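The chain is numbered in sequence order, starting from 1. Everything quoted here is computed from the prediction, not taken from an experiment.
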Amino acid sequence: MTKTIKTLSILFFAALFLVACNKQPSIQEYYIEKQDSGDFIAIDLPASILKVGEGASEETRETLSTIKKMNILAFKVNDSNQQEFDAEYTKVKEILKNDNYNELMRMKHEGINIVINYLGDEEAVDEFILFASDKNRGFALARVLGDHMEPQKIIKMAEDFKNIDKEGATDAFGQLTELFGDFD
């Protein structure tokens with residue numbers, strides 16, 4: 001009986017060890033790890049700072065109301081940190097290959113590659129991840145957190161982004177605007 005308990009205990013701890021070793025990092029863990037690094041700009045925004053302009057559709061207004069907050073992490077590349085940029089860029093790309101992240105869409109806007117992923121199922125997503133990158137300027141990683149966000153409506157809102165009122169978020173987006181240029 002003692003030998004059986006000992007064997008089961010060893011198997012349990014071995015399985016626990018293997019599960020712990022196989023744990024893939026998440027964007028949230030990456031954000032927490034890097035937010036205080038001097039190489040990154042980190043911004044936490046409540047959704048109340050985001051307003052829509054007069055030209056925004058009602059659907060965009062409704063979609064924006066499902067967003068609760070955004071965590072933005074950006075890395076601005078320059079001549080002295082190119083190797084760090086390459087390493088961090090690769091880390092983010094690897095994290096986004098995790099099976100937990102579902103790719104929603106890819107697009108290119110004024111030379112910036114944008115990929116939107118989400119966690120959860122297509123009916124009620126609680127987190128979207130936007131990864132915007134330009135090898136010459138850097139990258140920004142945004143976690144968009146909310147309640148029961150719908151992927152198709154997020155796509156429509158992304159297409160309607162020109163109608164988001166940037167003036168209301170000027171202070172928060174000022175550093176990101178400097179990184180990637182204007183959002184128009």
Are any of the side-chain heavy atoms of Thr60 and Lys153 separated by less than 4.5 Å?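 Result no, sub-4.5 Å side-chain heavy-atom pair not found.
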
Does the side chain of Asn117 reach to within under 4.5 Å of the side chain of Phe128, using non-hydrogen atoms?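 They are not in side-chain contact.
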
Cluster question for you: counting only ILVMFWY and a side-chain heavy-atom cut-off of under 4.5 Å, with indirect links fine, are [X] and [Y] together?
X	Y	value
Ile112	Leu104	yes
Met105	Leu130	yes
Leu145	Val115	no
Met70	Ile41	yes

Between the side chains of Lys97 and Glu94, is the shortest nitrogen-to-carboxylate-oxygen separation below 4.0 Å, so that they form an ion pair?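 Yes, charged N to carboxylate O under 4.0 Å.
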
Salt-bridge criterion met for Arg143 and Glu127 (N-O under 4.0 Å):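 Salt bridge present between Arg143 and Glu127.
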
Met149 and side-chain contact (heavy atoms from CB on, under 4.5 Å): which single residue from Thr63, Val144, Leu64 fits?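 With Met149 as partner, side-chain contact (heavy atoms from CB on, under 4.5 Å) holds for just one option, Val144.
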
Donor-acceptor check, side chain of [X] to backbone of [Y], threshold 3.5 angstrom: yes or no?
X	Y	value
Tyr101	Ser26	no
Asp147	Lys68	no
Asp126	His148	yes
Glu62	Glu59	no
Asn98	Ile95	no
Asn81	Glu84	no

Taking all heavy atoms of [X] and all of [Y], pick out the closest pair and write down the distance.
X	Y	answer
Ala132	Ile114	CB-CG1, 4.1 Å
Phe85	Asp134	CZ-O, 4.2 Å
Asn102	Gly120	ND2-O, 3.2 Å

Counting only heavy atoms not in Glu58, do more than 12 fall under 6.0 Å of its CD?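 Above 12, so yes.
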
More than 12 heavy atoms from other groups under 6.0 Å of NZ on Lys69: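 Not buried by this count: 12 neighbours or fewer within 6.0 Å.
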
Drop me the distance from [X]'s [atom1] to [Y]'s [atom2], to the nearest 0.5 angstrom.
X	Y	atom1	atom2	answer
Ile27	Asn71	CD1	CG	11.5 Å
Glu33	Leu73	CD	CG	10.0 Å
Glu103	Ile129	CD	CD1	11.5 Å

Which is it for Phe40 and Phe139 under the side-chain contact (heavy atoms from CB on, under 4.5 Å) test, yes or no, and what are the steps along the way? CA-CA 10 Å; Phe40 289 88; Phe139 69 80; 3.9 Å; yes

Step by step, work out the side-chain contact (heavy atoms from CB on, under 4.5 Å) result for Leu141 and Val92. CA-CA 9 Å; Leu141 187 61; Val92 172; 4.0 Å; yes

Are Tyr89 and Phe131 near enough that their ring centres are under 6.0 Å apart?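 Yes, the ring of Tyr89 comes within the 6.0 Å limit of the ring of Phe131, centre to centre.
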
Show your working on side-chain contact (heavy atoms from CB on, under 4.5 Å) between Val77 and Gln82 and close with a plain yes or no. CA-CA 6 Å; Val77 69; Gln82 184 66 51; 3.4 Å; yes

Side chain to side chain donor-acceptor pair (under 3.5 Å) evaluation trace for Asp44 with Tyr31: CA-CA 11 Å; Asp44 293 322; Tyr31 182 89; 2.6 Å; yes

For the pair Glu88 and Tyr30, evaluate side chain to side chain donor-acceptor pair (under 3.5 Å) and give the outcome as yes or no after the intermediate values. CA-CA 10 Å; Glu88 297 302 331; Tyr30 182 82; 2.5 Å; yes

